[in-house]
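Remarks on the structure that follows.
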Amino acid sequence: MKVKATLKQIAKELNVSVSTVSKALNDSPEISNQTKVKIKEYAKLKNYKPNIIGLNLKNRKTKTIGVIIPNILNSFFAKVFSGIEKVADAKGYNVITCISNESLVKEINTLDMLSNGTTDGFILSVSQEAQKLQDYSHFNDIINEGTPIVMFDRIADEVECDKVVVDDYDSALNVTQRLIDTGCKNIALISSVDDLSVGKLRTEGYLKALADNGIPVNENIILRTNSEDDMKKKIEAVFENNTIDGVFALDERDSVAALKLAIKKGYKIPEELSIIGFADGILASRRLTPSLSTVSQHGVEIGEVAAKLLIDRLEANEENEAPYQTVVIKTNLKERESSRTKKSIPKTFGTKK
């Protein structure tokens, strides 16, 4: 059985854009007869059978963007959506938002539902299940059909599209270095996002900082899991069975849980234990005592950049498609009461068990 070619494969072989292939197969008057014949003959050779209804829908602009987020309870995604909506509204686009609930099946179904002519393009953050299984074929299918995608935060390197990320690796390296510079030598790593690309990058940054400073890796104080369900018990076990003077938490809920448990265990914060969390959301910004030091991801800016990338691609000259971009948004550390500064480094450190 012959394998059917995709629009993108045909475009690559003939050195034209996906849009040109799509229009040629749909007899668009914008394409010359010579080009149409060339593309149609090649498509027939490669066993491509165009879906005329689908192509007609693709050529009709809806001025609507589909946004797919993994988790509605995460305030970071709410901030990103705010930035997307701000730019979309200014450019005259509507936004449809769906939630994958970290499910690969739901992510696939949502893409299928919205790619039938309902939306012109997608902005999305990859679901946890897709990243765990490393299954990204559904994204490539949508792109090959001529619908652009912009990924943010959680991305797939295997998918060729525009992307907006934060400097997760460098941020983690710098935060860990900051803890070391302020006297911490036994820094616990707490992560409930180990399956995610962002979690892996942050862990790599933490390990690199330890290596740069000649600090041996202590696996007993590195807590990596893919679930928040038993996180509190695992954090408590780290506190009970080890001597630590710093905590770097890779998720907002992790950092809040670590702070509350450290207070319960009687640690003097930040004198005996410094805590820094990733990221600066609703939970972290609430009235915690002491206030929590956090890494700010600038979610609104991420959303604005992602929306601009997608709309620019949708409105660009289709015959001269721009190369894909990966835009890196720099984070910043908001130091509050839960972490020491150099001025506050004590001469000696106590140990709590």
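These numbers come from a predicted model, not from an experiment.
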*Distance (rounded to the nearest 0.5 Å) between Glu107 CD and Ile99 CD1*: 13.0 Å
_Non-hydrogen side-chain atoms of Asp135 and His138 separated by less than 4.5 Å_ = yes
*asked:* Is the shortest side-chain heavy-atom distance between Tyr93 and Leu310 below 4.5 Å?
replied: no
*What do the steps show when you test Lys86 against Glu304 for salt bridge (charged side-chain N to carboxylate O under 4.0 Å, His left out), and what is the final call?*
CA-CA 7 Å; Lys86 177 182 176 182; Glu304 291 175 350; 3.3 Å; yes
*Is it true that Asp27 and Lys40 make a salt bridge, defined as a side-chain N closer than 4.0 Å to a carboxylate O?*
yes
_Between Phe122 and Phe139, is the ring centroid distance below 6.0 Å?_
no
_Residue list, salt bridge (Lys or Arg N to Asp or Glu O under 4.0 Å) with Glu85, at least two apart or on another chain_ = none
*Out of Arg313, Gln325, Lys308, which one pairs with Asp162 under the side chain to side chain donor-acceptor pair (under 3.5 Å) rule?*
Arg313
_Passing candidate, side-chain contact (heavy atoms from CB on, under 4.5 Å) with Thr176, options Ile187, Ile215, Ile276_ = Ile187
*Rest of the hydrophobic cluster containing Leu104 (Ile/Leu/Val/Met/Phe/Trp/Tyr, side-chain heavy atoms under 4.5 Å)?*
Ile108, Leu133
*Would you say the side-chain atoms of His298 and Asn332 include a donor-acceptor pair closer than 3.5 Å?*
yes
*Can you find a heavy atom in the side chain of Phe76 that is under 4.5 Å from one in the side chain of Asn71?*
no
*For residues Glu160 and Lys8, determine if any side-chain heavy atom of one lies less than 4.5 Å from a side-chain heavy atom of the other.*
yes
*asked:* So, taking the atom named SG in Cys184 and the one named CD in Gln177, what distance separates them when rounded to the nearest 0.5 Å?
replied: 11.5 Å
*asked:* So Ile72 and Phe77, do their side chains get closer than 4.5 Å, heavy atoms only?
replied: no
